[in-house]
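Order of the sequence lines sets the chain letters (A, B, ...), proteins ahead of strands, with each chain counted from 1. FYI, side chains are in, hydrogens and waters are out, and symmetry mates aren't considered; it's all heavy atoms of this structure.
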2 protein chains.
Amino acid sequence: MVPMSSTKIRPIEWREGRVRLLDQTRLPGEVVYLDITDYRDMAQAIKTLQVRGAPALGVAGAYGLVLAAQAITAGDCSAFLASVKKAAVELRATRPTAVNLGWALDRLLRVADQGAREAVGAIHELPLRLLNEAHRIAQEDEAGNLAIGRHGAELVPQGASVLTHCNAGALATSAYGTALGVVRAAWEQGRIRRVFNTETRPLLQGARLTAWELLQDGIQTTLITDSMAGYFIHRGEIDCVVVGADRIAANGDVANKIGTYTIAVLAAEHGIPFYVAAPTSTIDLSVPNGEAIPIEERRPEEVTHIQGVATAPAGVWVANPAFDITPHQYVTAIITEKGVVREPYQERLRRLVGEVQAAG
Amino acid sequence: MVPMSSTKIRPIEWREGRVRLLDQTRLPGEVVYLDITDYRDMAQAIKTLQVRGAPALGVAGAYGLVLAAQAITAGDCSAFLASVKKAAVELRATRPTAVNLGWALDRLLRVADQGAREAVGAIHELPLRLLNEAHRIAQEDEAGNLAIGRHGAELVPQGASVLTHCNAGALATSAYGTALGVVRAAWEQGRIRRVFNTETRPLLQGARLTAWELLQDGIQTTLITDSMAGYFIHRGEIDCVVVGADRIAANGDVANKIGTYTIAVLAAEHGIPFYVAAPTSTIDLSVPNGEAIPIEERRPEEVTHIQGVATAPAGVWVANPAFDITPHQYVTAIITEKGVVREPYQERLRRLVGEVQAAG
């Protein structure tokens, strides 16, 4: 049984053969749910960030593949498998940095392969098998986040002021959140005095999503621009940093939202702990270090326009890397559902997840 | 004679008894000039950042006080002086962090005092004396910036990629700029391979003003969000940082636009030089260190709204310090019109400007 989590926010849910998706591009102004019935619409929703956050992308990709499987009219297993794999290629290509998307698709493809071998002549069973696996991914994610919250809360000192970046909350997962799971658990235990969150330019996931979901749960947060983190850390007003991750390399290097590295350097300079909260599905032992993680470059308009309004002169050059790499030396600990990992990461991450991934 | 500067951008000019002010809140979308005839309108223009930037605030304050002096109808010198001083109090209160505003007003008040002593019965001369002093401040500023450019360009290595923050350009001064004066001079000498500039949240002076004025002069710049500075510095794509200053304490601590400290820490972490370009009028020997510099806290709406559009949920707490302090240990050198100063700042800054300020 999955224990009840303390937030009602559900960014993605399966409901009677279709997916109910909270459109995160409309928050915080409007709470709008999309009704997704076609996997291509799911691919589009992922591309346009209507759903985002590494763990949520895993769940969205899995349900997206179930939608694809439901629609296949092929008469035999190999044709069915070919169609499912084609849809998986399309879904996987939507976002390159978060590993959870590909990881979830791979889980479903293994189920499809195995199902096709076992159930020759019973193709109609396969979509249901895929759906069950997608449900398992979502349930494991929620249970994992509650465990991340428990493990992480122990690291938060009594009366602490905590800074987070971007949104690694309920909105970025199936429920409860990773970094915000730690914040929620520590808040419930009365450990937290104050929460700071960056607005997280260019797409303002901090201002739009983190501030919104914390307010929903009655956790008051102080919103700052990304450029203010140094000011408050320097003044001693922040006791620890907790962020999520989009991919963690075998050596412990962390890919996360652009701006994470800057905060990690500030934390190191001031001797405050820098924690990364992520499920083990975010750990990718196939990439040796951060340099091998692809960094998504997004459209320049995300920088030159804010909510559709131009903020820069036409013709200016723009760079827009969506993520950065924080080398493992800056990471005080990685908080997973299986426990807290510290240096040496290379060895300990392999021990933590090696067997599971090797079995894949 | 003031040599010609290489940019035609003039944010503030005296024209036939009134001030022509480029409204910087409308840039880059519209180039609109305001016609200011009343010192209270100048105070309002300063408060609302229609004119901003430490050296430009000095010039704006000076011309503002001339507008006040022109309008005084007092029949005797002591009544005239009292009115001028009252206007100066109002102008001085508009922005607390930049020292140049108060410094320029003090220069004019000394001229008024001296004029009143010398020209008893000739009150009509006093506004002209103040205007001449205001013109001197503007001319000295422009000449000083050209000198800052010359001194600073020598510090920029051949083929360098330079990062700047906020706007310390022609728009922040009477002409040419301080940090962007260094960029302009180094660009003219063919030393610069690439310019990066941060957008500078919350008020986007980088995106709106720096990108605009560099484009006007044919200097191509790459606009990034504040959160991307760490990414590019970490990748080795930036060779040095040049920023302006709003006030420099006696020990070399620098108050500048929020986010400056973060970039200074990143520069130190990666061993790249961090330069501050500012006229000696920005150095305030009366404050011993950065902690004694008042930090202006501005309205929360600047963070929760961008160009009038809400980006955060209603009810969220917000912090909005407009400046931060960069301790002198992080400052590789301070580039002034009188030359380049390095550690130990305490002694060398006093030697550089001590006599001038002592004479005040």
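The 12-atom threshold is exceeded at CD of B:Gln329, counting heavy atoms of other residues, nucleotides or ligands nearer than 6.0 Å. By the neighbour-count criterion of 12 heavy atoms within 6.0 Å, atom CD of B:Glu343 is densely surrounded, having more than that number from other residues, nucleotides or ligands.
For chain B, the nearby part of A:Phe232 is the side chain; its heavy atoms alone come within less than 4.5 Å. Only the side chain of B:Ile295 comes within contact range of chain A, with at least one heavy atom under 4.5 Å from a heavy atom of that chain. For A:Asp226, the part sitting under 4.5 Å from any heavy atom of chain B is the side chain, from C-beta outward, and nothing else.
Chain A is approached within less than 4.5 Å, heavy atom to heavy atom, by B:Val303, B:Thr304, B:Ile306, B:Gln307, B:Val309, B:Ala310, B:Thr311, B:Ala312, B:Pro313, B:Ala314, B:Gly315 from residues 298-315 of chain B, ordered by number.
With chain A as the partner, the residue from B:Pro327, B:Ala207, B:Gly259 showing the most heavy-atom pairs under 4.5 Å is B:Ala207. Per-residue counts of heavy-atom pairs under 4.5 Å with chain B were compared for A:Ile263, A:Leu204, A:Thr198, A:Leu215; the largest is that of A:Leu215. Here A:Val265 is the residue among A:Val265, A:Asp324, A:Ile224 with the most heavy-atom pairs under 4.5 Å with chain B. If you tally non-hydrogen atom pairs under 4.5 Å between each of A:Glu199, A:His234, A:Glu269 and chain B, the highest count goes to A:His234. With chain B as partner, the option from A:Arg235, A:His270, A:His165 having the largest number of non-hydrogen pairs under 4.5 angstrom is A:His270.
Closest of all the heavy-atom pairs between A:Met228 and B:Pro202 is CE-CD, 4.3 Å. Closest of all the heavy-atom pairs between B:Ala211 and A:Val316 is CB-CG2, 3.9 Å. B:Thr222 approaches A:Val318 most closely through the heavy-atom pair CG2-C, 4.0 Å.
Between A:Tyr261 and B:Leu266, some side-chain heavy-atom pair lies under the 4.5 Å cut-off. Residues B:Thr221 and A:Trp317 fail the side-chain proximity criterion, which asks for heavy atoms closer than 4.5 Å.
The salt bridge (Lys or Arg N to Asp or Glu O under 4.0 Å) test applied to A:Arg247 returns A:Asp284, not counting sequence neighbours.
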